[in-house]
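Input: a single structure, listed below in structure tokens.
The chain is numbered in sequence order, starting from 1. In what follows, every heavy atom counts, from backbone to side chain, and hydrogens, waters and symmetry copies are set aside.
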Amino acid sequence: MADHRLTSAPKIMASRMATPGIIRKVAATAVATVVATAVATTMATAVAATSAAVAAPSVAGPAHADELIYGQDVSNYQPTHDWAASGAKFGIVKATEGTDFTDRAFARHWAEMAGRNIVRGAYHYAHPASDPVAEADFFLSVVNRQPAKPGDLLALDLETTDGKSAAHVNAWAKTWLERVKAKTGVTPLFYSGWNFATKYGDGLGQYPLWVAHYSKARGTVTPPPPWKSWTIHQYTDNPVDQNVSSVSLDQLRALGRK
């Protein structure tokens with residue numbers, strides 16, 4: 001999506017003490033006392049260690065950055081992008097923009113990712129000044145000309161207003177997303193910059209969030225309202241748009257075509 005991006009993780013060893021067979025009673029008592037004290041001390045230490053372990057349980061937190069699934073997104077600005085050398089486990093590529101622009105590199109990227117078993121997705125760059133249904137249908141007409149497979153993702157890239165109001169842009173996005181879902185059965189990803197999503201994303205929290213936030217280290221972004229979680233974080237555009245997914249590859253595929 002490089003053309004319009006916003007910069008926006010005892011074993012306790014007890015020793016036995018032997019006592020000579022013939023010993024004074026007093027000595028025996030003293031030895032017994034010493035042994036008892038030693039055992040008590042050892043047991044107390046073990047109990048304290050166990051209590052400490054119980055008091056500080058291991059709590060699972062967010063995945064460490066190096067455990068997140070890595071992916072990239074590109075467009076016609078990277079027509080010869082080398083997917084084999086990319087290290088990407090998922091990739092999302094531009095398919096269309098508006099009602100008449102088809103990305104010239106889309107078909108190549110689509111085929112390259114399929115051949116390398118990369119979870120793939122296609123996105124549409126939105127222009128809220130035009131008809132959302134027409135844009136949604138145009139997007140699907142281009143994507144559907146390419147071979148499809150289960151797990152293919154669909155996404156809306158919303159990062160411009162075309163001079164329209166927040167209410168208009170928000171309603172436009174809802175209509176586009178609903179249209180694509182109705183036609184495909186796929187709940188599209190919603191992409192935007194963090195600030196843009198906050199202002200124009202009202203009521204879109206049911207769509208998986210793909211959010212750009214470059215001032216946050218990868219995987220450390222917090223979702224803007226109304227989202228409760230993020231699915232993909234785009235954390236830099238250098239040298240290409242780079243992303244991490246908060247969900248597994250299987251979970252990512254589950255968001256795509258059936």
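Between Trp110 and Phe106, the two ring planes are tilted [angle within 30° to 60°]. Ring orientation note: the planes of His109 and Trp83 are nearly perpendicular, at an angle over 60° on the 30°/60° scale.
The CH2 atom of Trp194 sits 11.5 Å away from atom NE2 of His233, with the distance rounded to the nearest 0.5 Å. Here Leu140 contributes atom CG and Thr184 contributes atom OG1; the two are 6.5 Å apart, rounded to the nearest 0.5 Å. Separation of atoms NE2 (His127) and CH2 (Trp172) is listed at 9.0 Å; rounding is to 0.5 Å. Distance CZ/Arg218 to CG/Leu68: 6.5 Å, rounded to 0.5 Å. Atom NZ of residue Lys183 and atom CD of residue Glu178 lie 14.5 Å apart, to the nearest 0.5 angstrom. Rounded to the nearest 0.5 Å, atoms CZ (Arg253) and NZ (Lys258) are 12.5 Å apart.
Between Ala126 and Thr160, the shortest heavy-atom contact is O-CG2, 3.4 Å. Minimum heavy-atom separation, Tyr191 to Asp157: CD2-OD1, 3.0 Å. Closest approach of Ala88 and Gln72 over heavy atoms only: CB-N, 4.0 Å. The two atoms that bring Ala105 and Ser75 nearest to each other are CB-O, 4.3 Å, heavy atoms only. Residues Ser86 and Tyr70 approach most closely at O-CE2, 3.6 Å, considering heavy atoms. In terms of heavy atoms, Asn170 sits closest to Gly201 at ND2-C, 3.6 Å.
At least one donor-acceptor pair under 3.5 Å links the side chain of Asp103 to the backbone N or O of Asn76. Side chain of Arg108 to backbone of His81: a donor-acceptor contact under 3.5 angstrom is found. The closest donor-acceptor contact from the side chain of Asp237 to the backbone of Val240 lies at 3.5 Å or more, if one exists at all. No donor-acceptor pair under 3.5 Å is formed between the side chain of Trp227 and the backbone N or O of Gln206. A donor-acceptor contact shorter than 3.5 Å links the side chain of Asp162 to the backbone of Ala129.
Put simply, the side chain of Leu156 does not reach to within 4.5 Å of the side chain of Tyr123, judged on heavy atoms. You'll find the side chain of Leu204 reaches within 4.5 Å of the side chain of Leu177, heavy atoms only. Looking at Val211 and Ile232, their side chains never come closer than 4.5 Å, going by heavy atoms from C-beta outward. At a threshold of 4.5 Å between non-hydrogen side-chain atoms, the residues Tyr235 and Val221 do not count as touching. Side-chain contact check for Val180 versus Val186: every heavy-atom pair is 4.5 Å or farther apart. Phe101 places a side-chain heavy atom less than 4.5 Å from the side chain of Lys94. By the 4.5 Å heavy-atom criterion applied to side chains, Ile118 and Lys89 are not counted as neighbours. No side-chain heavy atom of Thr99 sits less than 4.5 Å from a side-chain heavy atom of Asp131.
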Tell me, with the steps shown, if Val119 and Leu153 meet side-chain contact (heavy atoms from CB on, under 4.5 Å). CA-CA 8 Å; Val119 176; Leu153 303 166; 4.3 Å; yes
Would Trp210 and Asn243 satisfy side-chain hydrogen bond (donor to acceptor under 3.5 Å, both in side chains), going step by step from the backbone distance to the final call? CA-CA 9 Å; Trp210 175 14; Asn243 306 268; 2.9 Å; yes
For the pair Ile69 and Val244, evaluate side-chain contact (heavy atoms from CB on, under 4.5 Å) and give the outcome as yes or no after the intermediate values. CA-CA 5 Å; Ile69 306 299; Val244 287; over 6 Å; no
Evaluate Val169 against Leu158 for side-chain contact (heavy atoms from CB on, under 4.5 Å), listing each step before the verdict. CA-CA 9 Å; Val169 173; Leu158 183 67; 3.9 Å; yes
Intermediate values then yes/no, side-chain contact (heavy atoms from CB on, under 4.5 Å), Val74 and Asp241: CA-CA 7 Å; Val74 298; Asp241 290 346; over 6 Å; no
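A donor-acceptor contact under 3.5 angstrom links the side chains of His124 and Glu135, judged on distance only. No side-chain N or O of Lys199 forms a donor-acceptor pair with one of Asn195 less than 3.5 Å apart. At a cut-off of 3.5 Å, with distance as the only test, no side-chain donor of Gln234 or His213 sits close to an acceptor on the other residue. Remark: the Ser248 side chain and the Gln251 side chain contain an N/O donor-acceptor pair separated by less than 3.5 Å.
The aromatic ring centroids of Phe139 and Trp176 lie less than 6.0 Å from each other.
Under the 4.0 Å criterion applied to side-chain N and carboxylate O atoms, Lys149 and Asp152 are not assigned as salt-bridge partners. The pair Arg116-Glu112 counts as a salt bridge, with a side-chain nitrogen and a carboxylate oxygen less than 4.0 angstrom apart.
Scanning for side chain to side chain contact (heavy atoms under 4.5 Å, CB included) contacts around Asn238 gives Thr236, with sequence neighbours left out.
Within 6.0 Å of atom NZ in Lys228, 12 or fewer heavy atoms from other residues, nucleotides or ligands are found, so the atom counts as exposed in its surroundings. Within 6.0 Å of atom NZ in Lys216, 12 or fewer heavy atoms from other residues, nucleotides or ligands are found, so the atom counts as exposed in its surroundings.
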